[in-house]
Number of protein chains: 2
Amino acid sequence: MSLQQDSFALKGNICYSINPREVYCGENCYVVCAEGRSAGVFRELPEQFSKLHVYDCGDCVIIPGLTDLHTHAPQFANRGMAMDLQLLDWLNTYTFPEETKFADLEYARRAYGMFVHELKQGATTRACIFATVHVPATVWLMDELERSGLCTYVGKVNMDRNSPKELVERTADSIADTTAWLRQIDGRYSRTSPMLTPRFIPSCTDELLRELGHMAQQYQLPVQSHLSENPAEVAWVKELCPWAKTYGHAYDKWGLFGSTPTIMAHCVWCPDAEMELMKKNGVTIAHSPSSNRNLSSGIAPAKDCLDAGLKIGLATDLSAGESSSILKVMSDAIAVSKLRWRYIEEQTPPLTMEEAFYMGTIGGGSFFGKVGSLEAGYEFDAVVIDDHELIHPQELTLHQRLERIIHLSAHCHVVKKYVRGREIFL
Amino acid sequence: MSLQQDSFALKGNICYSINPREVYCGENCYVVCAEGRSAGVFRELPEQFSKLHVYDCGDCVIIPGLTDLHTHAPQFANRGMAMDLQLLDWLNTYTFPEETKFADLEYARRAYGMFVHELKQGATTRACIFATVHVPATVWLMDELERSGLCTYVGKVNMDRNSPKELVERTADSIADTTAWLRQIDGRYSRTSPMLTPRFIPSCTDELLRELGHMAQQYQLPVQSHLSENPAEVAWVKELCPWAKTYGHAYDKWGLFGSTPTIMAHCVWCPDAEMELMKKNGVTIAHSPSSNRNLSSGIAPAKDCLDAGLKIGLATDLSAGESSSILKVMSDAIAVSKLRWRYIEEQTPPLTMEEAFYMGTIGGGSFFGKVGSLEAGYEFDAVVIDDHELIHPQELTLHQRLERIIHLSAHCHVVKKYVRGREIFL
C-alpha cells in the first residue's frame, strides 16, 4: 500500500458496528486512513503506518459517518413546525406551498444554503435528497452540496398529476427537464450524483413512470420515492392503480422498484407481498420513525425488516421529521419500536441500541458502497464527537458513552468530520 | 404598587399560555416584574413603570419558566442509558444499584452537583424531585438546590419492602429518618420544600403508608409517588392490595391521594374509577411521555385527562426519561399522542402544541401556586431563549418560533432565567 500525503491516522475511542447485534468499542485506538479508505483499527499503530501523521482526538469518541437515506432539502424551512396534519393534507397545506418558492432561485439559494450548512454541522456524511421540480434550484443545491464535501444523491422531483398548479409538470416537460438536468450536471461533480425521483404514485402518471423507468435503465440511474407511508395514501394508490397487487408493484411495473438501486421511504403499512417484492428486488428501506410519528402515520416494522434480511437504513425525512440528526433518528427508532412492541406486535421485541446504530451507519451506508464502518476497506467517513458536556458522576464504558451520544448529543458536539478521508470544514 | 429595586422590565418577544387552546404571542413587548411577580405584559411600557430598568432581550423569545413535576435526582447518572428493560426489571438492574451509591455522601455531592447544574442550564424553574432513602444526601441535594435559585420540592424516599437490602428500610427507621430529615431542614430554606415520597405501593407496607399519611396530615406536607405506570406493576399492586378498588385507592386509604397536594407520576393504565378519584381528590398527574416510551410502559391518555379537567403537567422522569428538558418532553408528548390516536383511541385527537405548552407551564406550575404564566399576578419565572441558531430562510411568526423552540431547541439556547423575579446565574 502506497502512503500518500492524504493518508493519516486518528487516535481516540473508536466505535463501529460489526453487525446488527454487535458494536466494536475500542478505547485509545488508532484508525488509519489510506487514500480515502480505512486501513483498519488498531490498538497500537502498526510499523507500516509509523510515518503517518496521527491526529490525537484525546478522549473524544470516533464513529463512522452517518447516512441519511431520505430527506427533503426544500422542506428545511418548515422543520420543527407544521406537523399537525396527516400526510396528504400536510403536503397540500404546508409542503407544496413551500416547494413552490423554489421557482425563485434567489430564495432557493438562501434556503438550500442553510440546509447544506445544517447537514455539514451534524454527524451525517452521506445523504439521499429530494429537491423540487425546479432544475435551476436543484443544480444549485447540487453545486452547494459538492462544495460541502459531503457525498450525496440528489433528485429533481417529478410530479405530473394531483398536485397544485404551481408545481405540477406536463408529462413531456417533466421528462424533458429531467433530461436537461442530467445533461447539465453530467461530469460536473465528484461527490454528488443524480437520482431519479418520482415523488410518489399519486402524483405521477403511468406515462411519466414508464419514461422514468426507461431513463433509469438507459442511464443506470438509482431511484428514490415513497412507499406505504399512510393508510389514506395507500388507499388512494389502490384506487389509482387497481391493477397493482400492492403499492410497490405499481412502481415495479415500470422498472422503478429495484431494477436499479432503489430507496423507498417509510414502508409503514406494507403488506407481506410488498415486503417480499422489496426483498426479492433488493430495494432499500429508508426507515423514518420521527417523521412517521409526527405525521401520525404509524410505526414501521423496522425490526422485522432487519430480521428478515431486508436492506434498511435510517432517514430524517425533513420536514415531516423535525430533526436533521440521524443520531436523534436512532433514538426515536428505538423509542417507537417499544410502543410498537407494546401496542401492535408483542412477538417482536423493540430495536436495540446496536440495531439502531447499525441502521444509521452500515444499513444506510451500504447504499453508497462500502460505507458506514471504520473496518479496513470501508471508505473513510468518520465523525469525532466530544461528549464531555454530557456530564456524569460515574465511570462509563465506551459502549455506554456511545449510547448517551445517540440519545443526548447535539450537532454542537461534532468536532471533526471526514468524508472519503477528506476533512470537512465544519 | 411600590416599585422596589428588584423590580424591572424585560423587552422581547413574549409567549405564554392563556388556556390549553391559546398561546399569547406578543412581539416586542414588555413584561414587568414587580417584587417577584408579573405586573403584566404590555405593548408600550405604562407610565407607572417608566422609571424601571428595562433589560432589552433583543429578538429573543421570552417564555414562562417550565415546571418538571416528577424527576429522580439520583438517576441523573443513568440518563441516556439503560432503557432496554421494563419498569420492574429496570429498577432492579439499573436504578436501585445507582441509588445505593447515595449512602456515600462524597458520591452524592458529585452526582447531585451535576444534576443541579443541568437543571439550572435548561428552561426549568420549578421541579418536584425524588432523592433516595438517604437523609444526609437528601439534605445536601436540598442545600444545593436552594443555592441554585430554583424553586423545588424534594422528597427523601420511603421504601420498606420488596427492595434490595442496601436500600430497604425498616418501617420504624423509615419514619424516624423522615422525621429527623424534616426536623433538620425545618426553616432552612426559602425556595426548597420537603415532600413526602413513598416510592410506590410495591415498596411500601401498609404500616409505612399509614404513618406517612399521618405525617402528611400533621405537617400539611404534599405527597408524590408513582401510579399505574406499567401493566406488570399494576398487576402486582392488585396482588399486594386485593382490597383496593384501584392502585390509586391503595394510596387513598392512607390519606396519600389528595388529602394534601399530591402528584402522581405516569397514570398510563388508570381505569376510570382511578381517574374519577384523581379528579374528585384534585390529584395532579405528572405526564411523563418520554419515560413511558423508553420503558415500553405505553402512552398515557394526557389529552383525555386535560379535556376531563384533571390537573396535569409534564415531567422528565430522569432517568427513565432521557432528557432533563421539559421542552423535549412537550415535543415527545405531542409525538406519542399521535401514535395513541393512530393505534389506541381514534376518537381522541392528538395533543396540540398549545396543549403541550400549557401542560409544561401553567399545568405543572399550578402545583406551585400562581406559577407558569407571564400574566399579571403570576410569580415571575421567565426564560429568555435565543433561537437565532435555528436558522430559517423565510419569515416566521412568533407562534412558529415558539413551536420550533419546543421541537428543536437545546439547553444552550437558554440565555437568561428568572425565578420569582431573581435572575439565576446560568
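Every chain is numbered from 1, with letters handed out A, B, ... down the list of sequences. Heavy-atom basis, side chains included; hydrogens, waters and symmetry copies ignored. Since we're looking at a predicted model, the values are computed, not measured.
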Asks: Taking the side chain as every heavy atom from C-beta outward, state whether B:M83 and A:I334 have any atom pair closer than 4.5 Å.
Replies: no

Asks: Quick check for you: to the nearest 0.5 Å, what is the distance between A:Q394 atom CD and B:E98 atom CD?
Replies: 5.5 Å

Asks: What part of A:A111 lies closer than 4.5 angstrom to a heavy atom of chain B: side chain, backbone, both or neither?
Replies: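 Backbone plus side chain of A:A111, per the 4.5 Å heavy-atom cut-off to chain B.
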
Asks: Heavy-atom distances under 4.5 Å only: say whether A:L396 touches chain B with side chain, backbone, both or neither.
Replies: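 Just the side chain, heavy atoms under 4.5 Å.
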
Asks: Heavy-atom pairs under 4.5 Å with chain B: which of A:K101, A:M353, A:Q86 has the most?
Replies: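 Result: the option with the highest number of such pairs is A:Q86.
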
Asks: Counting heavy-atom pairs under 4.5 Å to chain A, which of B:H407, B:K338, B:E389, B:H117 comes out on top?
Replies: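 The candidate making the most pairs under 4.5 Å is B:K338.
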
Asks: Check whether any side-chain heavy atom of A:F76 lies under 4.5 Å from a side-chain heavy atom of B:H392, and answer yes or no.
Replies: no

Asks: Between B:Y343 and A:I299, which heavy-atom pair has the shortest distance, and what is it?
Replies: OH-N, 2.9 Å

Asks: Please check: side-chain N/O of B:E403 versus main-chain N/O of A:A82, any donor-acceptor pairing under 3.5 Å?
Replies: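 Present.
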
Asks: Given a strict heavy-atom distance threshold of 4.5 Å, which part of B:A77 is in contact with chain A: side chain, backbone, both, or neither?
Replies: both

Asks: Can you say whether B:S297 sits under 4.5 Å from chain A via the side chain, the backbone, both, or neither, judging by heavy atoms?
Replies: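 Looking at B:S297, just its backbone touches chain A.
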
Asks: Using heavy-atom distances under 4.5 Å, tell me whether B:I406 contacts chain A through its side chain, its backbone, both, or neither.
Replies: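 For B:I406, no heavy atom lies under 4.5 Å from chain A.
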
Asks: Let's test your reading of the structure: which of B:R110, B:K328, B:E118, B:M81 forms the most heavy-atom pairs below 4.5 Å with chain A?
Replies: B:M81

Asks: By a 4.5 Å heavy-atom criterion (distance strictly below it), what part of A:I391 contacts chain B: side chain, backbone, both, or neither?
Replies: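 Interface part for A:I391: both.
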
Asks: Tell me, for A:F115 versus chain B, whether the close heavy atoms (under 4.5 Å) come from the side chain, the backbone, both or neither.
Replies: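 It is neither, since no heavy atom gets under 4.5 Å.
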
Asks: Does A:L339 reach the side chain of B:R340, with side-chain heavy atoms less than 4.5 Å apart?
Replies: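 When only atoms from C-beta onward are counted, B:R340 and A:L339 do not touch, as no gap falls below 4.5 Å.
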
Asks: Does the side chain of B:R79 reach to within under 4.5 Å of the side chain of A:R404, using non-hydrogen atoms?
Replies: yes

Asks: Please report the closest heavy-atom contact between A:A335 and B:N294, naming both atoms and the distance.
Replies: CB-OD1, 4.3 Å

Asks: Below 4.5 Å, heavy atoms only, C-beta onward: do B:P231 and A:R342 meet side chain to side chain?
Replies: yes

